[in-house]
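Predicted, not measured: the structure shown is a model, and the values here were computed from it. Residue numbering restarts at 1 for every chain, and letters A, B, ... go by the order of the sequence lines.
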Number of protein chains: 2
Amino acid sequence: MTMECRYCPLRRKDAFSPLSQDEIAFMQKFKAGELTVEPGTPILMEGSNAPQLFTALSGMGIREKTLANGERQVINFIFPGDFIGLQAGLLGEMGHSVEARTHMRLCVFNRSDFWNLFKTHPSRGFDVTWLAAVEEHFLGETLATIGQRTALQAMAWALVKIFQRGEALDLVTNNQMALPYTQRDMADSLGLSLVHTNKTLSKLKDRQLASWSDKVLQINDLSALAEVAVMNLDKPQPRPLI
Amino acid sequence: MTMECRYCPLRRKDAFSPLSQDEIAFMQKFKAGELTVEPGTPILMEGSNAPQLFTALSGMGIREKTLANGERQVINFIFPGDFIGLQAGLLGEMGHSVEARTHMRLCVFNRSDFWNLFKTHPSRGFDVTWLAAVEEHFLGETLATIGQRTALQAMAWALVKIFQRGEALDLVTNNQMALPYTQRDMADSLGLSLVHTNKTLSKLKDRQLASWSDKVLQINDLSALAEVAVMNLDKPQPRPLI
DNA sequence: CGAAATATTGAATTACGTCAAATAGAGTGG
DNA sequence: CCACTCTATTTGACGTAATTCAATATTTCG
């Protein structure tokens with residue numbers, strides 16, 4: 001039994017901007033179904049021309065890209081509400097792979113309907129572009145992180161970003177949230193070695209800023225952490241949910 | 001005297017996909033004017049809510065982002081045909097600054113007309129999204145470069161990418177093209193120090209793969225360079241021109 | 001319970017950054 | 001055209017943040 005869009009619990013989260021009744025009704029028609037996957041399941045493959053697009057409804061995943069020599073870059077972490085497959089939908093080829101890290105529920109759309117969305121509901125097409133702009137914005141920040149921040153600054157930045165996303169999705173309780181990734185995932189997302197990632201996390205823990213173990217992230221002092229990260233602490237603004 | 005879109009010399013380049021007569025006529029109305037700037041001129045400021053969007057018509061520029069501690073990350077290099085200001089247009093805030101590095105001519109659009117573009121010409125809205133997806137794709141590759149490639153691999157990758165963009169724009173003659181940036185720009189784009197950038201370029205020159213001096217890039221062996229870069233050499237597909 | 005990930009720690013190594021100084025151009029003004 | 005300044009490039013020496021190697025816990029899971 002697939003959830004009806006108008007009852008979608010995601011819509012109510014702070015993270016997302018509201019839709020009109022009309023738009024919700026349209027999305028219901030656009031929605032082709034739901035997909036449920038287990039941890040480790042590949043959802044989209046780099047270079048593939050997938051016929052389907054997704055929105056993550058629950059669970060977490062990862063966007064990653066592998067070089068010919070086997071090195072892996074984690075592009076970012078996928079949280080509920082994230083739109084998956086834009087590149088396949090438009091360019092006809094994914095620049096990265098997407099894989100589930102927990103049990104995930106995904107809203108499924110047909111790529112063939114995608115153009116129709118722009119034509120009949122330009123406001124929703126506008127929203128897709130909005131999301132693309134948000135992603136571009138985020139990737140620019142990530143670039144600055146990997147390129148210019150030290151390991152400690154980068155790790156602090158990453159944890160703050162993750163925590164803020166968690167907050168907007170009501171995933172945080174008592175300054176804690178589930179973070180079901182491995183240190184290897186985190187290392188590959190920041191361009192650090194696994195060993196140094198581990199030691200950098202220890203350092204943040206020693207300083208009583210944040211700790212992440214047993215798949216639980218705890219932030220003790222968000223503003224101090226942001227200070228270490230050389231970043232500004234401003235709330236992410238609401239974004240559309242596709 | 002501003003150029004009419006239908007005579008725009010950019011449209012004919014391999015880099016871009018063709019437009020219908022109708023679409024060109026519409027773009028003509030959408031176009032608010034032209035802007036000419038000198039080297040060093042800031043075009044958009046990080047954090048600003050600019051009322052205007054641009055497409056680069058000629059010349060080159062740079063997208064960059066500066067951290068609170070003064071470190072600078074070059075997000076990418078701006079070539080003719082690049083769309084500028086998507087983030088301001090949608091999110092109301094640029095995530096990076098844009099600055100001219102040569103004399104540049106820019107096509108100017110009003111942000112207030114932007115929504116209208118999606119509404120009345122969904123195909124053009126679709127194209128804007130296409131460009132956003134291309135950018136996202138590129139930033140993902142850049143992330144993998146800074147995060148996973150060595151200095152030599154990264155430099156080789158950057159030069160191949162630039163050269164390919166140049167080729168698609170007919171900027172290459174005799175395996176040479178103008179590349180009016182400084183080594184500092186390049187260093188900040190790859191997250192390397194200036195000194196190491198210089199030494200890495202020397203190494204590529206010693207190996208007879210590529211040389212870049214006096215603002216001219218020369219590629220001697222593109223496929224060998226791509227091999228050093230651990231990358232695949234496939235032609236960039238045509239993309240829309242806004 | 002055993003096997004395979006994952007996490008942790010110490011020691012050795014290195015790719016890269018920093019410092020410093022020389023050289024080379026590019027632009028300005030007299 | 002020549003001083004002058006400013007920016008960009010180049011090179012050598014040295015320092016270090018981060019990688020790699022290696023070994024040992026610890027957890028996860030079939």
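- We find the CG-CG distance between B:L179 and B:L171 to be 10.0 Å, quoted to the nearest 0.5 Å.
- Ion pairing between a basic and an acidic side chain is recognised when a charged N comes within 4.0 Å of a carboxylate O; A:D185 and A:R72 show such pairing.
- Contact check on A:R239 versus A:D82 returns a salt bridge, with a Lys/Arg side-chain nitrogen under 4.0 Å from an Asp/Glu carboxylate oxygen.
- Across all strands, B:G191 comes closer than 4.0 Å only to sugar-phosphate atoms, never to a base (heavy-atom distances).
- Under the side-chain contact (heavy atoms from CB on, under 4.5 Å) test applied with A:L67, the options B:Q153, B:E141, B:R149 reduce to a single match, B:R149.
- Residue B:W212 is the one, among A:V195 and B:W212, whose nearest nucleotide of DNA chain D lies closer to the 5' end (criterion: closest heavy atom).
- Within 4.0 Å (heavy atoms only), A:T182 reaches sugar-phosphate atoms of the nucleic acid but no base atom.
- For DNA chain C, the contact window with chain A, defined by any atom under 4.0 Å from a protein heavy atom, covers C:dT6 to C:dA11 in 5' to 3' order.
- Regarding B:N198, its CG atom lies at a distance of 15 Å from the C1' atom of D:dT7, rounded to whole Å.
- Across the protein-nucleic acid pair, A:K215 atom NZ and D:dT26 atom C1' stand 13 Å apart, rounded to whole Å.
- Ring-plane geometry between B:Y181 and B:F77 is classed as tilted, the angle between the planes lying from 30 to 60 degrees on a 0 to 90 degree scale.
- The pair B:K65-B:D188 fails the salt-bridge criterion, with no side-chain N (NZ, NE, NH1 or NH2) lying under 4.0 Å from an Asp/Glu carboxylate O.
- Within the nucleic acid shown, B:T150 comes within 4.0 Å of sugar-phosphate atoms alone, with no base atom in reach, counting heavy atoms only.
- With the nearest nucleotide of DNA chain D identified for both A:D214 and A:R149, A:R149 has the one nearer the 5' end.
- Look at B:Q183 and you'll find a side-chain N or O under 4.0 angstrom from OP1 or OP2 of D:dT10.
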